[in-house]
Amino acid sequence: GQRLIVDTDTAGDDSQALLMAALAESIDIEAVTIVAGNVEFDYEVENAKYTLDLAGVADSVPVYEGARRPLLKEFDHVDHVHGEGGLGGELFPDTGIPSADGHAVDAIVDIARESPGEVSLACIGPLTNVALAIRREPELNDLLDEVVVMGGAVNTLGNDTPSAEFNFWVDPDAAKIVMNELDVTLVDWGVTVRHGRIGADDLDRFAEAETPYAEFFTTVTGHAREFSRERLGVDAATQPDTLALACLLNPDLVTEAGTYFVDVDEREGMTRGYSLVDELGITDGEPRTRVVEAVDESTFEQMVADMLLHGDP
Ligand code: BDR
Ligand code: CA
């Protein structure tokens, strides 16, 4: 199968993306690495372990703890989006499963070095661990197979500030390093809003289903559904991380993409974390980021339904 490292600030949609990776027959998760982001770090670690356990792979997938803070900036958690603890505000796992020995950044570098070109990386949180791994191993880009990043807000409003998406906002210095130095497929907030929402009908259908995965999904997304209703006036659950993972799992999902130079505003201030996309090739920046512009949303919905109802995305 496709060997994969998942770098995640496990809460909300991260847990569903991780579930998708864990249940997909064609994916072998080599490691899960945890980064500061959505909620308090120790909750993120437990949330990841709980998710792997639910999928029945906790014994074979090591969870490495990584950076507990961004490279330079201060940041805020978003419990108000995902609920306290990150899993809807009702579930606070305490699995007793130990974390793997060693630091997440070393794990990423070591795994990539051991199997050059064979391991892919799904980045679904702030990019602190990945940026540190690049500094630790300058050849990282060549050592990895595919890299998918959920982050940025391409030509659209941000979700954390009007100019920035959360993952890029939390650690814009790291995001800048990653976008400048890795060949990335980017799944941004804009394509998520356009095509990565699970709508009310599906949410109701999953809420009625009595499978363990559907129940987990409903618990985890309940708070976010409320938040989306109040903040965006939309009765839906946005699934950016799940969409990013789905694009890796099923490349046919991507119906439109363009390759551009993408940069990140790392300066403190109004545009911190802004993702600049040079669509017209005006700058000298190297076009190396494959920006996913559209996906087949019915296929995505079907993948989520198959995962939740049949355990097989
Ligand atoms: C990103 O922010 C987080 O809250 C989500 O898990 C996702 O990775 C979306 O902006
Ligand atoms: Ca995330």
Side-chain angles (χ1 to χ4, degrees), residues 2 4 6-8 13-14 17 20 37 120-128 130-131 134 140-142 144-197 238-266 271-301 303:
Q2 183 175 23
L4 182 67
V6 182
D7 188 68
T8 162
D13 55 323
D14 293 80
M20 186 175 272
S120 292
L121 177 62
C123 312
I124 55 175
L127 290 155
T128 319
V130 184
I134 293 170
L140 192 68
N141 191 51
D142 294 332
L144 289 170
D145 186 8
E146 273 180 75
V147 181
V148 173
V149 169
M150 190 286 132
V154 176
N155 296 330
T156 190
L157 295 176
N159 57 0
D160 198 62
T161 75
S163 51
E165 176 280 330
F166 179 75
N167 292 338
F168 278 23
W169 179 87
V170 168
D171 197 339
D173 304 283
K176 188 181 182 73
I177 291 170
V178 171
M179 299 319 292
N180 285 332
E181 302 185 32
L182 284 191
D183 298 327
V184 159
T185 293
L186 188 69
V187 174
D188 84 308
W189 176 246
V191 76
T192 302
V193 170
R194 292 194 299 278
H195 303 293
R197 281 177 170 156
T238 36
Q239 291 288 302
D241 296 345
T242 318
L243 181 62
L245 205 291
C247 289
L248 191 88
L249 176 59
N250 177 8
D252 293 339
L253 198 56
V254 178
T255 53
E256 276 174 50
T259 300
Y260 312 112
F261 172 60
V262 176
D263 210 348
V264 180
D265 190 349
E266 86 288 16
T271 52
R272 163 175 165 175
Y274 174 74
S275 45
L276 177 142
V277 179
D278 185 9
E279 280 190 31
L280 300 179
I282 294 169
T283 70
D284 292 334
E286 184 193 345
R288 69 185 310 166
T289 304
R290 181 166 167 266
V291 178
V292 174
E293 294 165 325
V295 301
D296 178 345
E297 76 185 43
S298 61
T299 303
F300 176 59
E301 285 162 10
M303 288 171 78

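- Shown here for N159 and E165, the closest heavy-atom pair between the two residues is OD1-CA, 3.1 Å.
- Across all non-hydrogen atoms, the minimal contact from V147 to C123 is CG1-SG, 4.1 Å.
- Between P126 and D171 the shortest heavy-atom distance is CB-CB, 4.5 Å.
- Using a 4.5 Å heavy-atom cutoff, the side chains of L182 and I134 are in contact.
- Rounding to the nearest 0.5 Å gives a distance of 10.5 Å between CE of M150 and OG1 of T242.
- In this structure, the side chains of N141 and R288 come closer than 4.5 Å at one or more pairs of heavy atoms.
- Considering only heavy atoms from C-beta on, D188 comes within 4.5 Å of T156 through its side chain.
- Note that the CZ atom of R290 and the CG atom of D183 stand 12.0 Å from one another [nearest 0.5 Å].
- A pairwise comparison of heavy atoms in A153 and S275 identifies N-OG, 2.9 Å as the closest pair.
- Without hydrogens or angle criteria, D13 side chain to D241 main chain gives a donor-acceptor distance under 3.5 Å.
- Of all heavy-atom pairs spanning F168 and G273, the tightest one is CB-O, 3.5 Å.
- The closest side-chain heavy-atom distance from L127 to I177 is not below 4.5 Å.
- Inter-residue side-chain proximity for L186 and V154 is flagged as met; some heavy-atom pair is nearer than 4.5 Å.
- Here the side chains of K176 and D263 are in contact, with some heavy-atom distance below 4.5 Å.
- Within the structure, the side chain to side chain donor-acceptor pair (under 3.5 Å) test picks out the following pairs touching residues 244-261 (sequence neighbours left out): Y260-E293.
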Could you walk me through whether Q2 and D145 satisfy the side chain to side chain donor-acceptor pair (under 3.5 Å) test, starting with their C-alpha distance in whole Å, then the side-chain angles of each, then the deciding distance to 0.1 Å, before giving a yes or no? CA-CA 10 Å; Q2 183 175 23; D145 186 8; 5.3 Å; no
